[in-house]
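Below is one structure; the comments refer to it alone.
For ligands, and for the atoms within them, numbers begin at 1 and follow the listed sequence.
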Amino acid sequence: MELELIISEIKEKLESINTIQELANLKPMYLGKKGKISLAMGNMKELSIEERKTLGQKVNLVKSEAEKLFSVKEEALNKALIQSKLAKEKIDVTMPGVKFNQGTIHPLTQTIMDLEDLYVGLGYEVAEGPELETDEYCFEKLNLPKGHPARDMQDTFYINPEWLLRSQTSPVQVRTMLKKEGKPIQIICPGKTYRRDADDATHSHQFMQCEGLVLGKNITMADLKGALLEMAKKILGEDKEIRLRPSFFPFTEPSVEVDVSCVKCGGKGCSMCKNSGWIEVLGAGMVNNNVLRMCGYDPEEIQGFAFGIGIERITMLKYGIDDIRNFYSNDLRFLKQFKEAK
Ligand code: PHE
């Protein structure tokens with residue numbers, strides 16, 4: 001084939017090529033070892049030196065012209081490919097977004113987070129203990145020997161005579177004291193608790209408490225009152241007041257029942273607070289000397305207070321929830337109301 005014709009043929013073929021793949025198939029037909037250009041050199045051996053030289057130069061020219069044509073085409077195809085990709089992947093920022101379903105924080109979790117936030121800010125540490133406890137830690141070391149009538153205050157799920165589902169978070173007090181071996185303590189312990197109660201609007205066989213324990217030198221009832229007043233204000237509102245009433249717990253002496261000014265009427269008296277202006281929220285007291293001694297503390301050296309907040313109870317008061325079972329029924333209509341909870 002005439003060398004001149006080759007170039008015009010390449011030009012023609014390139015016109016109809018649209019993909020890199022097609023281009024890659026075409027290229028060796030002209031520029032490959034057995035391509036048309038190489039073949040055009042024919043049988044060099046039959047030519048004179050002079051003729052070989054002229055033909056060689058001509059072939060080289062055609063070759064470089066052909067290479068140029070292919071590379072220009074390749075570049076154009078690559079450009080077009082990028083352009084079409086860009087056009088296809090264009091994002092319309094004005095399109096409405098995909099709806100994203102975000103969960104809500106459970107109101108009980110929110111209360112625990114608020115309590116941790118408050119007490120950690122006051123220098124407390126957050127402690128934990130197991131839900132499967134021993135009778136020794138849940139009762140004996142809390143000044144409740146076997147057969148003590150006060151055991152009836154908490155109807156307990158026993159696994160066997162030694163092991164039980166903890167009926168209160170107070171065993172974490174015992175565990176912490178035994179670990180700290182006479183040193184000062186400042187902890188809260190939120191967690192699950194269990195009692196053999198029939199479930200109704202105000203009782204649940206599984207519920208939650210937040211224990212508090214502070215031991216040190218010269219800790220008094222005034223410190224206890226301060227710690228609980230802060231809690232009432234943080235969870236139930238800045239305008240809240242508290243009052244302490246004498247009560248009984250085997251592990252504290254003196255013991256108190258703590259009331260908060262009524263969340264509904266503010267203290268004037270209404271049906272919710274039975275016209276007293278106060279609502280009972282938790283139990284507390286100064287740690288009983290017997291407990292201190294049994295857990296390795298010298299009551300002459302170190303003393304302090306403990307409290308046990310019912311998480312469901314204060315959460316119900318905070319939001320005006322009238323049935324404790326709502327917390328555990330997983331009804332989204334209930335849970336979604338706490339979207340804005342803080
Ligand atoms: N553990 C007690 C209860 O469950 C509450 C409490 C804790 C009382 C700490 C005094 C001190 O009823």
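With rounding to the nearest 0.5 Å, the separation of CG in Leu215 from CG in Leu292 is 6.0 Å. Interatomic distance, His106 NE2 to Phe334 CZ, rounded to the nearest 0.5 Å: 6.5 Å.
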Ring pair (Phe, Tyr, Trp, His ring centres under 6.0 Å) between Tyr119 and Phe307, worked out: CA-CA 13 Å; Tyr119 284 113; Phe307 56 80; 5.5 Å; yes

Worked verdict on Leu164 versus Ile159 for side-chain contact (heavy atoms from CB on, under 4.5 Å): CA-CA 5 Å; Leu164 47 81; Ile159 308 298; 5.5 Å; no

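Contact residues of ligand 1 (protein heavy atom closer than 4.0 angstrom to a ligand atom; sorted by chain and number): Gln154, Gln168, Ser170, Gln173, Arg195, Gln209, Glu211, Phe249, Phe251, Thr252, Gly283, Ala284, Ala306, Phe307, Gly308.
The number of heavy-atom neighbours closer than 6.0 Å to CD of Glu125, taken from other residues, nucleotides and ligands shown, is 12 or below.
Aromatic ring orientation, Tyr30 versus Phe70: tilted (interplanar angle from 30° to 60°).
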